[in-house]
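What follows is one structure encoded as structure tokens, with my remarks underneath.
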Amino acid sequence: MRPLTEEETKVVLGKLSKYIGDNVKLLVDRPDGSYVFRLHKNRVFYVKEQIMRWATNVARKQMLSLGTCIGKFTHGGKFHLVITALDILAPHAKHKVWLKANSEQQFLYGHNVLKGGLGRITENTPTYQGVLVYSMNDTPLGFGVAAKSTQDCRHIDPGTTVVFNQADIGQYLRSEDQLS
Amino acid sequence: MGRVKDFKLLGKKGPGRKARKQGDPTIPAALREDKKIDKVKKKLGGRIRQRTKKRLLNLAVAASTRVTKTKSKSKKDSAGETTSESEHEEGRDDDEMEVIPQPSVSDDEDDSIGEEADDFCSDDEELVELPIEKKSRKRDKKLKKEKEESKKEFTQQMAGHEVFELPDIESISNEPQDLPTVSQRLREVLHVLANFKDLREPGRKRKEYVTLLEHDLKVYYGYNEYLIDKIIQLIPHSELLEFLDACETPRPVTIRTNTLKTRRRDLAGALISRGVNLDPIGDWSKVGLVIYDSQVPIGATPEYLSGKYMMQGASSLLPVMALAPQVNERILDMCAAPGGKATYIAALMKNTGLLVCNDYKKERCKSLIANIYRMGVQNTIVCNYDGRKFTKVMSGFDRILLDAPCSGTGVIAKDQSVKTSKSEVAIERCSHMQKELILEAIDALNASSSTGGYLVYSTCSVLVEENEGVIDYALSRRNVKVVDTGLNFGVSGFTRFREKRFHPSLSLTKRFYPHTHNMDGFFVAKLKKFPQKSTIVGSKQQPAEEEEKEEDEET
């Protein structure tokens with residue numbers, strides 16, 4: 001477990017800002033205590049500072065998780081957000097997509113969102129903007145990338161993909177092993 | 001439309017609904033003559049009359065010789081005879097008058113002329129009526145006997161048994177087993193054992209019955225000898241079958257609301273709209289729900305995936321409720337996987353403070369971590385240590401939950417392999433490990449914590465060795481005290497079991513059985529650690545004790 005290097009921090013925050021924009025600041029300066037990012041076995045954890053201090057007692061080999069895992073670095077140095085980051089992203093989301101009840105299940109199986117299943121979408125979402133996906137009763141279901149801007153969405157036919165699936169809560173079942 | 005009847009034409013059928021019918025009058029014995037005659041007339045059938053006629057003829061011939069001798073005596077008797085009995089006989093006599101007395105009359109006439117008609121009759125009666133009397137007496141006797149027999153049978157049926165004959169065990173164990181007969185025999189043996197003094201076969205010992213019971217239970221439910229023996233010792237005979245039957249049937253599916261993300265009412269509404277039939281679990285929990293049936297898989301609904309609830313047995317809520325975690329505490333769950341109890345603790349702590357989840361098995365930690373993330377718990381450290389050496393990593397916790405690995409004898413319904421896989425060695429090994437764990441857990445507690453210093457020990461086993469035995473051991477080795485669990489149901493733990501005697505405070509621990517509480521068999525004990533130096537009980541363990549103390553101080 002170690003703090004992120006400057007370069008890594010840049011990558012991580014850059015990735016987060018794709019989804020939550022300027023709200024990244026709120027993640028770092030929180031009113032309810034200071035939170036830190038820590039790297040452990042290629043995974044980035046977002047954790048309260050006090051808990052991180054206690055966790056220094058645990059040996060590297062035996063440490064499996066602390067706080068919340070938000071993503072992992074690949075061997076190529078890229079940073080991937082994982083589904084467990086949803087709890088951190090959801091409250092600060094800038095661009096959101098709501099799904100109709102019948103397409104919820106499709107999304108949870110890892111499929112992209114089609115125009116037919118789209119319930120609502122935030123105004124002025126540009127193409128390839130990171131979006132948070134919600135069900136109609138405001139339960140966060142995952143996140144992805146908008147394939148079409150809000151304007152485009154009005155005119156396309158129902159079979160067209162609107163949001164690319166990047167992570168959904170179905171992964172808690174489908175790929176339980178890869179979460180840690 | 002039905003047929004319209006003219007009721008006037010039909011006439012009157014009965015006395016009418018309101019006509020009160022008077023019962024038959026009771027006529028005093030003295031006035032009863034005529035009635036009696038009628039009754040008797042009806043009673044006697046044609047065959048009887050024929051037979052009596054025949055017999056009387058024979059007798060009359062025989063008696064004619066005796067008549068003279070008895071005559072004087074009978075005269076005396078008949079003079080005083082006004083009892084109902086004699087009248088009764090007279091009546092009968094009248095009935096057969098036309099046939100019977102002919103020969104005798106002729107005889108009599110020879111001997112006694114001018115005798116009273118009554119006298120004559122009574123005389124005849126004594127001789128002639130005898131066979132009928134005899135017959136009726138016999139009949140009475142027979143009836144009485146039958147009545148007695150039926151009464152006896154009835155009382156036996158009421159008692160629900162006939163005297164059960166104890167079969168030979170050796171012969172039984174050699175024969176192939178027929179399950180219905182075994183089941184029948186089981187019930188009978190249990191019935192005898194329930195009231196051994198009265199119902200046993202004379203000369204048979206209690207031990208013989210118990211051996212047979214053990215053998216039959218083993219065959220019928222498929223347990224190994226050691227475990228069934230333990231269960232028979234533990235559960236009273238009257239509840240034994242209920243317990244074993246409960247171990248065959250699965251417990252109801254229960255879920256726990258994740259209060260970090262939702263409320264129970266909202267969750268219940270969401271699930272009901274998905275076609276799930278559910279109910280609150282009971283008065284004792286505000287987060288539990290029982291699922292009766294569901295049209296969708298409960299473990300894969302969007303609500304489940306978004307962490308609004310956790311599927312976990314009702315019994316696994318109990319140790320956490322006993323632990324009563326407070327916000328901003330440091331809490332350790334020593335054997336945390338798969339995270340049902342750990343996430344409940346975190347929910348009660350409202351995601352504050354620190355929750356350390358430890359588990360010995362790395363594979364099991366995967367599901368633990370997945371559940372922790374899914375439920376939105378952010379105050380955890382998950383690590384993979386041997387719980388028996390945990391004080392080397394961290395100590396000074398406010399509360400510790402030790403849900404010790406156990407033989408699983410309370411959850412046989414979940415895992416049938418427990419029935420055959422557990423032996424004495426396995427239980428001892430379990431028990432030994434639990435003792436090591438509980439001492440380590442107590443050492444990791446912070447005794448001078450302002451809010452806590454509590455340890456909750458729980459197992460899903462019902463055996464005394466893994467429960468009361470372990471707590472008693474901890475009481476003798478560390479400066480701890482058993483405190484009330486705060487659970488207002490369940491059975492108190494044993495303070496004495498067979499030859500074992502435990503500390504009296506063990507009655508504050510709680511046991512839960514599958515057949516009485518409809519949850520998995522479970523044991524919960526809450527201990528509080530005290531700051532002052534422990535008083536060492538056993539002189540033999542003294543050096544080891546001190547070594548352990550030293551280790552503690554080092555860490």
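Note that these values count all heavy atoms, side chains included, but never hydrogens, waters or copies made by symmetry. All chains are named by letter (A, B, ...) in the order of the sequence lines, taking the proteins before the strands, and each is independently numbered beginning at 1.
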**OP:** Using a 4.5 Å cut-off on heavy atoms from C-beta on, say whether the side chain of A/Tyr46 contacts that of B/Gln378.
**Re:** no
Original post:
Can you find a heavy atom in the side chain of B/Met394 that is under 4.5 Å from one in the side chain of A/Val58?
Top reply: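 Result yes, sub-4.5 Å side-chain heavy-atom pair found.
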Original post:
Do you know which of B/Arg374, B/Lys366, B/Glu303, B/Lys362 has the most heavy-atom pairs with chain A at a distance under 4.5 angstrom?
Top reply: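 The answer is B/Arg374.
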Original post:
In terms of heavy-atom pairs under 4.5 Å, which option from B/Cys383, B/Gly307, B/Gly353 contacts chain A the most?
Top reply: B/Cys383
Original post:
More than 12 foreign heavy atoms under 6.0 Å from CZ of B/Arg263: is that the case here?
Top reply: no
Subject >> Residues, nucleotides or ligands: over 12 heavy atoms within 6.0 Å of A/Phe73 CZ >> reply: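 Yes, because the 6.0 Å sphere around CZ of A/Phe73 holds more than 12 heavy atoms from other groups.
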**OP:** Please lay out, stage by stage, how A/Glu176 and B/Arg364 fare under the test salt bridge (Lys or Arg N to Asp or Glu O under 4.0 Å).
**Re:** CA-CA 11 Å; A/Glu176 196 178 66; B/Arg364 281 166 66 82; over 6 Å; no
Original post:
Which atom pair, heavy atoms only, marks the closest approach of A/Asn57 to B/Tyr385?
Top reply: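 Scanning both residues completely, I find the closest heavy atoms to be O-OH, 4.4 Å.
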**OP:** Quick one: closest heavy-atom pair of A/Leu179 and B/Ala370, and the distance?
**Re:** CD1-CB, 3.7 Å
Side chain from CB out, backbone as N, CA, C, O: work out which of these in [X] comes under 4.5 Å of a heavy atom of chain A, or both, or neither.
X        : value
B/Ser367 : both
B/Ala300 : both
B/Val377 : backbone

Can you measure from [atom1] ([X]) to [atom2] ([Y]) and round to the nearest 0.5 angstrom?
X        : Y        : atom1 : atom2 : result
B/Cys365 : A/Gln62  : SG    : CD    : 10.5 Å
A/Gln50  : B/Thr352 : CD    : OG1   : 12.0 Å
A/Tyr172 : B/Leu305 : OH    : CG    : 9.5 Å
A/Leu64  : B/Ile372 : CG    : CD1   : 10.0 Å
A/Ile51  : B/Thr380 : CD1   : OG1   : 7.0 Å

Original post:
Between B/Lys261 and A/Asp87, is the closest basic N to carboxylate O distance under 4.0 Å?
Top reply: yes
**OP:** Name the region of A/Gln105, side chain, backbone, both or neither, that has any atom closer than 4.5 Å to a heavy atom of chain B.
**Re:** side chain
**OP:** Could you pull out all residues at least two apart from A/Ser65 that satisfy side-chain hydrogen bond (donor to acceptor under 3.5 Å, both in side chains)?
**Re:** B/Tyr373
Original post:
Taking only residues two or more places apart in sequence, or in another chain, which ones meet A/Asp152 in a side-chain hydrogen bond (donor to acceptor under 3.5 Å, both in side chains)?
Top reply: A/Ser149
Original post:
If you check every heavy atom in residues 106-141 of chain A against those of chain B, which residues fall under 4.5 Å?
Top reply: A/Leu108, A/Thr139, A/Pro140
**OP:** Applying side-chain contact (heavy atoms from CB on, under 4.5 Å), name anything that partners A/Ala55, two or more places apart in sequence or on another chain.
**Re:**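 A/Met1, A/Met63, A/Leu66, B/Ile381.
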